[in-house]
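The structure appears below as structure tokens.
Reminder, nothing fancy here: chain letters follow the sequence lines and each chain counts from 1. Values below: every heavy atom of this structure, side chains too, minus hydrogens, waters and symmetry copies.
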Protein chains: 2
Amino acid sequence: MKPRSPQANGQHLTEQLGATGLRLTPQRQQVYDVLVQKRDHPTAEEVFIRAKKAMPEISHATVYNCLDALVKSGLARQVNVERGATRFCPNMIEHGHFHCSACGTIYDVDLPHELPCVAVPQGFKPQGYDLTIHGICLDCAKKK
Amino acid sequence: MKPRSPQANGQHLTEQLGATGLRLTPQRQQVYDVLVQKRDHPTAEEVFIRAKKAMPEISHATVYNCLDALVKSGLARQVNVERGATRFCPNMIEHGHFHCSACGTIYDVDLPHELPCVAVPQGFKPQGYDLTIHGICLDCAKKK
DNA sequence: CAAACAATTTAGAATTATTCTAAATCTTGA
DNA sequence: TCAAGATTTAGAATAATTCTAAATTGTTTG
């Protein structure tokens, strides 16, 4: 059991969504469950395919809608590391990403305790940041 | 005259491309010029439109090819801050990006002198990183 | 409870972003 | 000059995302 996992229970989802003026629906619960069950940074298309197994009637547009709802409510993050489909991540604990340029896998990585306090220009209001490290992962480094 | 701008002269481009086994062609020069002339992080589509003004016969596929060639040769960076088209940046001096979530503008920002030395897992080979700060830019903060 | 209203979902069309294909063109070296 | 390889081109194909209008669901109010 992963102690760091946010609870996938309705309580938490309802609260977070509600604070953004959104409702918890069976589809949103399902999409969230998909994200939590396999944390491999799936694309919207992959989430769609997985969600359909438990909920065959779910549509493409709904998956996008649900993912957007989760992101807006602070229940998931969008991850953009390269050209192509955006990926999604339900880990809301502060972390960065390692993107393997050989196999494309994305790994969560801890951020340094000393957060990089980047000086943004005067008057700019920073609200969050994304750090992505590009390189070769262990598996690919071995294979070479 | 921007002292920080890399020279857009053929010499430099030829060397950098050559080191990657690629040639400097008029199209690649043109695409590079477009990036340097207006550093507003254009999408491939925007680069295409701008390049066509000086080189009307240039094609879509060529712009993608040229951008990829420049990125591979270390003459430009890809910038992925959100869903949608990838953007391009010819500033190869180490820097991060500020993405205004209100107007979508992307600003280059200096990185802290103390680089965040993130601990990647054992055996992983980091090769570079991207830092994006999301928030509200000065102009949008004023308008509100 | 029933009507009215708002939010959400759905299928599928539409749009946008990117890649692919095959033929034509250009460059380079024998 | 010729062959081989790299590059460009137009346009088709594919992938990713958004939009639309109708149906459904949930909520609120009379």
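Using a 4.0 Å cut-off on heavy atoms, the residues of residues 18-27 of chain B that approach DNA chain C are B/Arg23, listed by number.
At a threshold of 4.0 angstrom between heavy atoms, the contacts of B/Glu57 are confined to the sugar-phosphate backbone, with no base atom among them. Across all strands, A/Thr86 comes closer than 4.0 Å only to sugar-phosphate atoms, never to a base (heavy-atom distances).
Residues passing the ring pair (Phe, Tyr, Trp, His ring centres under 6.0 Å) test with A/Phe124 are B/Phe98, B/Tyr107, sequence neighbours excluded. B/Gln127 meets the side chain to side chain contact (heavy atoms under 4.5 Å, CB included) test with A/Ser101, A/Ile136; sequence neighbours excluded.
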Which atom pairs, one a donor and one an acceptor, fall under 3.5 Å between side chains of residues 49-58 of chain B and the rest of the protein, sequence neighbours left out?
from: B/Arg50; atom 1: NH1; to: B/Asp40; atom 2: OD1; distance (Å): 3.0
from: B/Arg50; atom 1: NH2; to: B/Asp40; atom 2: OD1; distance (Å): 3.3
from: B/Arg50; atom 1: NH2; to: B/Asp40; atom 2: OD2; distance (Å): 2.8

Result block: side-chain N/O donor-acceptor pairs under 3.5 angstrom for residues 60-69 of chain A, not counting sequence neighbours:
from: A/His60; atom 1: NE2; to: A/Glu45; atom 2: OE1; distance (Å): 2.9
from: A/Thr62; atom 1: OG1; to: A/Ser59; atom 2: OG; distance (Å): 3.1
from: A/Asn65; atom 1: OD1; to: A/Arg28; atom 2: NH2; distance (Å): 3.1
from: A/Asp68; atom 1: OD1; to: B/Arg83; atom 2: NH1; distance (Å): 3.1
from: A/Asp68; atom 1: OD1; to: B/Arg83; atom 2: NH2; distance (Å): 3.1
from: A/Asp68; atom 1: OD2; to: B/Arg83; atom 2: NH2; distance (Å): 3.2

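At whole-Å resolution of the value, CG in B/Asn65 and P in C/dT21 are 15 Å apart. For the pair B/Leu17 CG and C/dT28 P, the interatomic distance rounds to 14 Å; values are reported in whole Å. Atom NZ in A/Lys72 sits about 12 Å away from atom P in C/dA7, given to the nearest Å. Note: CE (B/Met55) to P (C/dC26) measures 12 Å, nearest angstrom. Atom pair B/Gln78:CD and C/dT18:C1' shows a separation of 11 Å (rounding to whole Å applied). In this structure, CG of A/Asp68 is placed 13 Å from C1' of D/dA16, rounded to the nearest angstrom. Counting to the nearest Å, the C1' atom of C/dA17 and the CG atom of B/Asn80 are 12 Å from each other. Summarising the geometry, the separation between NE2 on A/His60 and P on D/dA15 is reported as 12 Å, rounded to the nearest angstrom.
In this structure, B/Pro42 and B/Leu35 have side chains that are in contact, with non-hydrogen atoms separated by less than 4.5 Å.
Remark: the A/Asp130 side chain and the A/His97 side chain contain no N/O donor-acceptor pair separated by less than 3.5 Å.
In the hydrophobic clustering (ILVMFWY side chains linked at under 4.5 Å, chained through shared members), B/Val79 is joined by B/Val81, B/Ile106.
For the OP1/OP2 pair of D/dT18 and a distance below 4.0 Å, the side-chain nitrogens and oxygens of B/Arg83 include at least one atom meeting the criterion. For C/dT10, one of the phosphate oxygens OP1 or OP2 lies less than 4.0 angstrom from a side-chain nitrogen or oxygen of A/Thr62. A sub-4.0 Å separation between OP1 or OP2 of C/dT8 and a side-chain N or O of A/Arg28 is present.
The side chain of B/Tyr64 sits closest to C/dT19 out of D/dT17, D/dT8, C/dT19. Between D/dT17, D/dC19, D/dT8, one nucleotide has an atom nearer to the side chain of A/Ala61 than all others, and that is D/dC19.
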